A.B. asks: 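The following block contains the structure, expressed as structure tokens.
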Amino acid sequence: MAKLEILEFPDPRLRTVAQPVTQFDAALARLVRDLFETMYDAPGIGLAATQVDVHRQLLVCDVSEDHDQPRVLANPRIRRRQGTQTYQEGCLSVPGIFADVERALVVTVEAQDAEGRPFTLEADGLLAVCIQHEMDHLAGKLFVDYLSPLKREMVRRKLEKRHRQAASA
Ligand code: GNR
Ligand code: NI
């Protein structure tokens, strides 16, 4: 197993649009294990392959307190959205920044598991937030994109300053 490096905003690689997963092989199984290790270690409730510079439509999540509900979604598609909810989101790629984002309350998602088996999942609450947040990553989108341009610019400056300080430390 290996912990992977997480890209941070405004790294342009986070804007890459992921390609479909086509090979459900041993390399994919290893990537899934590494995504979980990286996510649990962070700690986070979800992680998209985009965040570790792998541009495939693959995400993992686990919103349980006990880390006993791991989910793998390859090639996810939202088939139905119902209602709205607002949740204060954070992102491992935008560390230390939190902001309210409005998303669907319930999503019906079709995806494939790590072996390529198709399944349908109806998610609500935090799981629905997390899946929508991770699917945005696969499309090259970040939660700060929902903020005003001024706020997003403030976030960019703050993180770039922190990156400079980390580089010179
Ligand atoms: O760990 C995470 N917590 C979180 C909290 C509210 C809304 C979304 C998330 S996802 C985030 C991990 C992450 O950045 N995944 O891409
Ligand atoms: Ni994120």
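These numbers were taken from a predicted model, which means no experiment stands behind them. In listed order, ligands and their atoms are each counted from 1.
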A.B. asks: Measuring from atom CZ of R79 to atom OG1 of T120, what distance do you get when rounded to the nearest 0.5 angstrom?
C.D. replies: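 Nearest 0.5 Å value for the CZ-OG1 distance: 8.5 Å.
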A.B. asks: Heavy atoms only: which of I6, I45, L92, V129 lies closest to atom 14 (O) of ligand 1?
C.D. replies: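 Comparing heavy atoms across I6, I45, L92, V129, the nearest one to atom 14 (O) of ligand 1 lies in L92.
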A.B. asks: I need the atoms of ligand 1 closer than 4.0 Å to a non-hydrogen atom of C91, numbered in the order shown.
C.D. replies: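 Every atom of ligand 1 under 4.0 Å from some heavy atom of C91: 14 (O).
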A.B. asks: Is a donor on one side and an acceptor on the other found under 3.5 Å between the side chain of R56 and the backbone of V21?
C.D. replies: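 Checking the backbone N and O of V21 against the side chain of R56, no donor-acceptor pair under 3.5 Å is found.
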A.B. asks: Considering only NZ, NE, NH1 and NH2 on the basic side and carboxylate oxygens on the acidic side, decide whether E160 and R157 come within less than 4.0 Å.
C.D. replies: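 Salt bridge flag = no for R157 with E160.
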A.B. asks: Is there at least one pair of N or O atoms, one from Q88 and one from ligand 1, spaced under 3.5 Å apart?
C.D. replies: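 No, no N or O pair falls under 3.5 Å.
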A.B. asks: For atom 9 (C) of ligand 1, grab the closest protein heavy atom and report residue, atom and distance to one decimal in Å.
C.D. replies: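 In this structure, atom 9 (C) of ligand 1 has G90 O, 3.5 Å as its nearest protein heavy atom.
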A.B. asks: Provide the number and element of each atom of ligand 1 under 4.0 Å from a heavy atom of Y87.
C.D. replies: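 Answer, ordered by atom number: 6 (C).
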A.B. asks: Of all N, O or S atoms in H137, identify the one at the shortest distance from the Ni ion (ligand 2).
C.D. replies: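 Atom name of the closest N, O or S in H137: NE2.
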A.B. asks: Find all atoms of ligand 1 within a distance of less than 4.0 Å from any non-hydrogen atom belonging to G44, and give their numbers and elements.
C.D. replies: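 The atoms of ligand 1 under 4.0 Å from a heavy atom of G44 are 1 (O).
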A.B. asks: Whether the side chain of T86 engages the backbone of D100 through a donor-acceptor N/O pair (distance < 3.5 Å, no angle test) should be reported.
C.D. replies: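 Looks like no, no N/O pair under 3.5 Å.
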A.B. asks: Only heavy atoms count here, so choose which of M135, Q132, R103, E89 is nearest to atom 7 (C) of ligand 1.
C.D. replies: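 The nearest heavy atom belongs to E89.
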A.B. asks: Just to confirm my output: which protein heavy-atom neighbour is closest to atom 16 (O) of ligand 1, and how far is it?
C.D. replies: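 Nearest protein contact, heavy atoms only, for atom 16 (O) of ligand 1 is E134 OE1, 2.6 Å.
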A.B. asks: Any chance you could lay out the salt bridge (charged side-chain N to carboxylate O under 4.0 Å, His left out) test for R162 and E8, step after step, and finish with the verdict?
C.D. replies: CA-CA 11 Å; R162 210 189 288 152; E8 292 188 4; 5.3 Å; no
A.B. asks: When rounded to the nearest 0.5 angstrom, what is the spacing between CZ in F9 and CG in L14?
C.D. replies: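 The CZ atom of F9 sits 9.0 Å away from the CG atom of L14.
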A.B. asks: If the cut-off is 4.0 Å to any non-hydrogen atom of Q51, which atoms of ligand 1 fall inside it?
C.D. replies: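 Listed by number with element: 13 (C), 14 (O), 15 (N), 16 (O).
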A.B. asks: Whether the side chain of D34 engages the backbone of A2 through a donor-acceptor N/O pair (distance < 3.5 Å, no angle test) should be reported.
C.D. replies: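 Yes; at least one donor-acceptor contact below 3.5 Å.
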A.B. asks: Which protein non-hydrogen atom lies closest to atom 12 (C) of ligand 1, naming both residue and atom, and how far is it?
C.D. replies: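 Going atom by atom, the protein heavy atom closest to atom 12 (C) of ligand 1 ends up being G46 O, 3.2 Å.
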A.B. asks: Using a 3.5 Å distance criterion without hydrogens, assess whether the side chain of Q132 forms a donor-acceptor pair with backbone atoms of A128.
C.D. replies: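 Side chain of Q132 to backbone of A128: a pair is present.
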A.B. asks: Are the side chain of T38 and the backbone of L4 linked by a donor-acceptor contact shorter than 3.5 Å?
C.D. replies: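 Yes, because the side chain of T38 sits within donor-acceptor range (under 3.5 Å) of the backbone of L4.
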A.B. asks: Rounded to 10°, how big is the angle at the Ni ion (ligand 2) from H133 NE2 to C91 SG?
C.D. replies: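 If I round to 10°, I get 110°.
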A.B. asks: Show me which atoms of ligand 1 lie under 4.0 Å from any heavy atom of H137.
C.D. replies: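 Here the atoms of ligand 1 in question are 16 (O).
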